[in-house]
*Asks:* 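Structure incoming, see below.
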Amino acid sequence: MQKEVMNNKIHYLSCENYVSLNNKYKIKDFVSMALRLKITLLVLDDITISDKKKIIQLFSKEAYQLLSLQDIYKELSNKAFSFNDIIKQTKITYTEKDTSIIIASRKTIEEGAIASVKKLLSELRKQYEIICLKANDKKLLKWAAQDRRIDYIVLDASYNSQIIDKALCSIMKQSNKYFEFVISPLLKTKTEQELSTIIRNSKKMLKIMKSYNVPFIFSANPSTPYQLRNSSQLRYIGDFLGVPYNKTKKNTYDYQFSNLMKNVIKLDDSFLFEGVREVS
Amino acid sequence: MIHSSLRVLGRFHEMTVIERDRYVVFKVISPTIIDNISILKNTIWEKYKQLFGLKGTTEAGLYFEFFNANTQSGLIRCNSQSLSSFMVVLAFITSINEHEISFNPLYISGVIKKAKEYLDTL
């Protein structure tokens, strides 16, 4: 098994794409755990871009540094011109530091009807960096797969595998959209019977995604900081569920980061249309 | 000539496959300090058995080399073929005796000396 091992030390760029905060654990707990696990990008659910700025200011006196991709982009936009250059520069200058974490905002829409999702999207798109859809309705999912404003379609490991089919996969692939595969139900189960069902469902879903070559990402969606998993751990879980370890190299950081960067560029004031920005 | 070459081939055929070991350095992250290695052992064994069965557990050849309660870090030996399953087991463990816990694998080596050297730096 070929691995990215730097002097045998397991060193990966890791991202947690779905952190939902609760009453028991706050951002500080998740950030300190992420630093220990070398997770360099945390996407916080239900936190708007303006809230994120306040959080960064609040944490300015801590030993670690919280960063925003908007600020990074503003710094780099004069030095790097192409999208790939910006990503490369960000990785070199910011994400490989042990004391800094990039935080981003996201919203997971959980609605059952297309009309209500449309209404929410028009209100929310500019308030969050990432927008995801969590739904059980096939028709809604097929509509969402074609909508540009939605970045990910969330697939929980506990879902029935029949929710995804060939048609949905081909639409997803055509519109270059990603599934977000959430592994947290595997860690939260208490009975063996439940665990067995979840493993079976997740294996089926990943098999379908693999067979139609649909891009997908892994996220842990931890309810406590102790359920956070870094890149290599997520890839090993993926390997257990039937996707080879070597084929998920980009599914735990690169896809998430490039999607996030694309949205940050789109949300920037200087953005005119894809590939073109206004220079003052 | 043919006989002698066949004899050599036969010897190669009889050769046993050497099972390589891997040494995994890990750190336990938990709000409570764990000072008893037997609790860790039991948790890992039980999770391994739950996910891969008794056959998988015996094939993994797990051996708990060392655990330092001060640094909350330790060293476990496993079979190279079972490394990925062992990493899955570590990722699946979320609690010990109703206390939240997380295993962070830090370093993998095929040589115990190097693994111990890394452990000393923690």
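A, B, ... follow the sequence lines: proteins, then strands. Residue 1 opens every chain.
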*Asks:* Check each atom of B:Ser95 against the heavy atoms of chain A and say whether the ones under 4.5 Å are side chain, backbone, both or neither.
*Replies:* neither
*Asks:* Answer with side chain, backbone, both or neither: which region of A:Arg229 has an atom nearer than 4.5 Å to a non-hydrogen atom of chain B?
*Replies:* side chain
*Asks:* Between A:Tyr178 and A:Tyr255, is the gap from one ring center to the other below 6.0 Å?
*Replies:* yes
*Asks:* Who wins among B:Ser80, B:Pro31, B:Ala115, B:Ser85 for the most heavy-atom pairs under 4.5 Å with chain A?
*Replies:* B:Pro31
*Asks:* Does any backbone or side-chain atom of B:Phe103 lie under 4.5 Å from a heavy atom of chain A? Answer side chain, backbone, both or neither.
*Replies:* backbone
*Asks:* Counting neighbours of NZ on A:Lys134 that are heavy atoms of other residues, nucleotides or ligands and sit closer than 6.0 Å, is the number greater than 12?
*Replies:* yes
*Asks:* Looking at A:Glu194, I want to see if its CD is surrounded by more than 12 non-hydrogen atoms of other residues, nucleotides or ligands under 6.0 Å.
*Replies:* yes
*Asks:* With side chain to side chain contact (heavy atoms under 4.5 Å, CB included) as the test, pick out the partner of A:Ile103 among A:Val43, A:Leu69, A:Leu42, A:Ile47.
*Replies:* A:Leu42
*Asks:* Could you tell me which portion of A:Leu234 (side chain, backbone, both or neither) has an atom closer than 4.5 angstrom to a non-hydrogen atom of chain B?
*Replies:* neither
*Asks:* Tell me, side chain or backbone of A:Ile199 under 4.5 Å from chain B's heavy atoms, or both, or neither?
*Replies:* side chain
*Asks:* May I ask you to establish whether A:Arg235 and A:Tyr245 are in a cation-pi arrangement, using a distance under 6.0 Å from NZ or CZ to the six-membered ring centre and at most 45° from the ring axis?
*Replies:* yes
*Asks:* With the threshold set at 4.0 Å, does a side-chain nitrogen-carboxylate oxygen contact exist between A:Glu62 and A:Lys28?
*Replies:* yes
*Asks:* Select, from B:Leu51, B:Val25, B:Ile93, B:Asn104, the one with the greatest count of heavy-atom pairs under 4.5 Å involving chain A.
*Replies:* B:Asn104
*Asks:* Counting only heavy atoms closer than 4.5 Å, note whether B:Ile29 contacts chain A via side chain, backbone, both or neither.
*Replies:* both
